[in-house]
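Note: hydrogens, waters and symmetry copies are ignored here, and every other heavy atom, side chains too, is used.
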Amino acid sequence: MSAHVLVLGGTTEARELAAVLTARPGVRVTSSLAGRVSRPGALAGDVRVGGFGGADGLAAWLGEHGADAVVDATHPFAAGITANAARATTAAGVPLVVLRRPGWRPGPGDRWHPVGSLAQAAELLPAVGGRVFLTTGRLGLAAFAHLTAPYFVVRAVEPPEPPMPPHTEVVLARGPFTVADELALLREHRIDVLVTKDSGGAATAAKLTAARRLGLPVVVVRRPPLPDGVTAVPDVAGALARLGLSAP
């Protein structure tokens with residue numbers, strides 16, 4: 001086949017899909033990154049960085065560059081990008097495949113507190129713990145900036161920008177992290193509550209195992225819903241099937 005596939009996102013699944021597709025004869029891949037990380041990892045195929053200018057801009061790009069399909073493999077919490085992709089592909093008459101790794105599920109011994117947003121997580125925190133391992137991403141710190149009592153440990157690939165809570169320690173590190181890594185961090189900083197988004201996948205799940213072993217409560221921010229009429233596939237094989245390609 002001859003096709004041009006636009007892959008949105010720099011997630012593990014996006015990178016895996018881009019590598020598989022570029023290995024197919026006649027398939028051209030363009031991966032699109034938001035540009036929030038200054039030194040992203042290598043990606044197979046062509047790479048563009050930056051926004052499209054909303055749904056209309058993306059629809060125009062699809063037409064100008066002859067895209068035959070779009071795979072939205074962005075982070076499960078990139079709701080705005082997913083909404084724009086749904087509108088743009090409808091307008092352009094281009095198929096959309098949404099690739100989302102399955103969310104996490106609590107297991108025996110877990111002490112999870114599900115919430116619907118970062119704001120709800122911040123509202124709940126004072127009643128749950130005072131030394132917080134905050135792993136919701138450096139762009140979400142503003143939701144917790146008004147909390148003056150808790151002590152926050154924030155891990156990020158790059159230094160976060162304000163606003164952020166007044167009592168914040170930043171740990172710069174790039175995953176994946178092992179359970180031993182997470183246990184050491186939780187113990188070193190005397191963490192008594194973990195706050196995370198339901199990102200899913202194995203790459204960042206070690207912190208949940210570590211919290212379970214230490215008996216720590218976990219505030220879990222639920223994923224935003226997909227746009228009306230949009231369904232997701234859970235893995236690269238599912239995305240290939242939706243694109244009309246067999247798994248390798």
Side-chain angles (χ1 to χ4, degrees), residues 1-101 137-140 156-161 172-176 197 199-204 230 232-245 247-248:
M1 64 176 290
S2 177
H4 180 196
V5 181
L6 173 65
V7 178
L8 304 175
T11 60
T12 301
E13 294 79 13
R15 295 173 185 280
E16 180 184 348
L17 179 64
V20 171
L21 288 176
T22 54
R24 299 293 181 102
V27 179
R28 176 190 168 200
V29 177
T30 299
S31 293
S32 179
L33 305 178
R36 291 173 178 167
V37 177
S38 60
R39 292 182 297 171
L43 276 160
D46 298 329
V47 178
R48 68 173 302 280
V49 178
F52 291 92
D56 291 342
L58 176 54
W61 189 97
L62 296 175
E64 292 167 3
H65 292 82
D68 299 291
V70 176
V71 179
D72 172 12
T74 55
H75 192 276
F77 284 80
I81 298 175
T82 300
N84 284 342
R87 291 195 295 269
T89 52
T90 297
V94 172
L96 171 66
V97 178
V98 177
L99 171 55
R100 289 286 184 276
R101 69 188 77 135
R138 63 189 178 93
L139 299 179
V157 175
E158 298 182 350
E161 298 180 356
L172 296 180
R174 185 189 294 270
K197 293 177 177 178
S199 301
T204 58
V230 174
V233 296
D235 51 31
V236 169
L240 292 172
R242 286 275 184 95
L243 292 170
L245 300 168

- State whether the side chain of His65 and the backbone N or O of Ala67 hold a donor-acceptor pair below 3.5 Å, judged by distance alone. no
- Message: Restricting to non-hydrogen atoms, name the atom on Leu8 and the atom on Val70 that form the minimum distance, rounded to 0.1 Å.
- Response: CD1-CG1, 3.9 Å
- Query: Any side-chain heavy-atom pair from Leu17 and Leu240 closer than 4.5 angstrom?
  - Reply: yes
- Query: Which heavy atom in Ala59 sits nearest to a heavy atom in Ala92, and how many Å separate them?
  - Reply: O-CB, 4.2 Å
- Item | Exam field: side chain Arg15 to backbone Gly10, donor-acceptor pair closer than 3.5 Å | yes
- Task: Might you point out which heavy atoms bring Pro76 and Ser199 nearest each other, and give the distance in Å?
- Result: CG-O, 3.6 Å
- Specify the closest pair of heavy atoms between Pro159 and Leu172, including all atoms of both residues, with the distance to one decimal. N-CD2, 3.7 Å
- Message: Is it the case that the side chain of Asp68 and the backbone of Val5 share a donor-acceptor pair, with hydrogens and angles ignored and the cut-off at 3.5 Å?
- Response: no
- Message: Using 0.5 Å steps for rounding, measure from the NE2 atom of His75 to the CD atom of Glu13.
- Response: 10.0 Å
- Only residue of Leu99, Leu33, Val29, Val97 satisfying side chain to side chain contact (heavy atoms under 4.5 Å, CB included) with Val7 is Val29
- Heavy-atom side-chain contact between Phe52 and Leu6 under 4.5 Å: yes
- Task: Check the pair Thr30 / His4 against side chain to side chain donor-acceptor pair (under 3.5 Å), numbers first and verdict last.
- Result: CA-CA 8 Å; Thr30 299; His4 180 196; 2.8 Å; yes
List, one per line, each side-chain donor-acceptor pair under 3.5 Å for residues 43-51, sequence neighbours excluded.
from, atom 1, to, atom 2, distance (Å)
Asp46, OD2, Arg28, NE, 3.3
Arg48, NH1, Ser32, OG, 2.9
Arg48, NH1, Gly50, O, 2.8
Arg48, NH2, Gly51, O, 3.2

- Heavy-atom closest pair (Arg101 atom, Thr12 atom, distance to 0.1 Å) is NH2-N, 4.3 Å
- Query: What is the minimum heavy-atom distance between Leu21 and Val27, and which atoms define it?
  - Reply: O-CB, 3.5 Å
- From the list Val230, Val71, Val233, side chain to side chain contact (heavy atoms under 4.5 Å, CB included) partner of Val98 resolves to Val230
- Message: For the backbone of Asp72 and the side chain of Arg100, can you confirm whether one donor and one acceptor N or O come within less than 3.5 Å of each other?
- Response: yes
